[in-house]
Amino acid sequence: MAASAAPDRPIGVFDSGMGGLTVLAALQAQLPFEPFIYLGDTARLPYGTKTAQSVVRYCLQAADALIDRGVKALVIACNTASAVALPALRERHAPLPVIGVVEPGAAAAIAASRNGRIAVIGTEATVRGGAYQRAIATLQPTAKVSARACQVFVALAEEGWSEGAVAQAAAQAYLAPLFAPEPAAPDTLVLGCTHFPLLYNVIRAVVGDAARIVDSAATTAAATHSMLRAQGLLRPRLEGALPAPLSLLVTDGVARFASIGGRFLGRPITPAEIELIDL
Ligand code: DGL
């Protein structure tokens, strides 16, 4: 089915699972009148350890499911999916607007950094694919980017172990080497994964108070807002129309998504709010 361009159509938000709810929360905060359909591909989570080929295939299937539901734009909340599959999604679904988290995150990092040294952390697939490194280099060719996969952070966030000794030890092991080389240490860290904002406190403790920490959720929401306005797709502000509708779709594990997802969305989720679908 062709995507509708009508402003009152929903925005599709796609993630590999529940991590993208951090991006959904930022989108809802900045765009309170917009209806959203969120799809978490929990049956195939995690994407971060998969090959690029598989991630692209999964993303194309998920995008088809959202487009069949008439979305007016797609936000790819998953960093791994954005890093690996954005060109394929844009090519297949043009002129539908497709927004990823990598470009807004890279722009925010450049705006934040004073010394042009930027560290990026993400999943294995995000770091290996080099999308953040390329996006930063395109915007500021003189920037020096170091990147590290912090795969264990994903499991810690889902386990609810965002604080405490295990999380502290993981943060120390991953981040201390990245921030060690004085006087050339990065002054900015990009949280290039949906799950990492949950570990903000332990990350901050290792990188120190002076480092700037960039989380692409808020900047992606701002980029989505600008794009909708530019294309005449913003839903009009309607008196009494709040809260705008939200549909939550998952491909597996409704109960687990409900119990863990609340931490990412910032409010409790009940299983009754979630629809199980097959891709
Ligand atoms: N959503 C993924 C990301 O932001 C993390 C979880 C996964 O590996 O699927 O990269």
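Values in this document were obtained by computation on a predicted structure and should not be read as measured data. Hydrogens, waters and symmetry mates are skipped; everything else that's a heavy atom, side chains included, is used. The first residue of the sequence shown is numbered 1, and numbering continues consecutively from there. Counting starts at 1 for both ligands and their atoms, in listed order.
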Item to complete: Tell me, please, which residues at least two apart from F153 pass ring-ring contact (aromatic ring centres under 6.0 Å, His included).
Response: Y174, F196
Worksheet entry | Enclosure of R267 CZ (heavy-atom neighbours >12, cutoff 6.0 Å) |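 Count over threshold, so yes.
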Discussion item. Can a side-chain donor-acceptor contact be found between D41 and Y47 if the only test is distance below 3.5 angstrom?
Written reply: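 Per modelled atom types, Y47 and D41 side chains form a pair under 3.5 Å.
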Worksheet item: So, does T123 use its side chain to make a donor-acceptor pair with the main chain of Q151 at under 3.5 Å?
Response: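 Flag not set: sc T123 to bb Q151 has no pair under 3.5 Å.
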Discussion item. Please check this pair: side chain of Q30 against backbone of A218, looking for a donor-acceptor N/O pair closer than 3.5 Å.
Written reply: yes
Between ligand 1 and the protein, which N/O pairs fall short of 3.5 Å?
residue, atom, partner, partner atom, Å
ligand 1, 1 (N), D15, OD1, 3.2
ligand 1, 1 (N), S16, OG, 3.2
ligand 1, 1 (N), T194, OG1, 2.9
ligand 1, 4 (O), N79, N, 3.0
ligand 1, 4 (O), N79, ND2, 3.4
ligand 1, 4 (O), T194, N, 2.9
ligand 1, 4 (O), T194, OG1, 3.2
ligand 1, 8 (O), Y47, N, 3.4
ligand 1, 8 (O), G48, N, 2.8
ligand 1, 9 (O), S16, OG, 2.6
ligand 1, 9 (O), Y47, N, 2.7
ligand 1, 10 (O), T80, N, 3.1
ligand 1, 10 (O), T80, OG1, 2.6

Practice prompt. Evaluate the side-chain contact (heavy atoms from CB on, under 4.5 Å) criterion for residues I277 and R69: first the C-alpha distance (whole Å), next the side-chain angles of each, then the deciding distance (0.1 Å), finally the verdict.
Written response: CA-CA 12 Å; I277 66 162; R69 290 175 185 243; 3.6 Å; yes
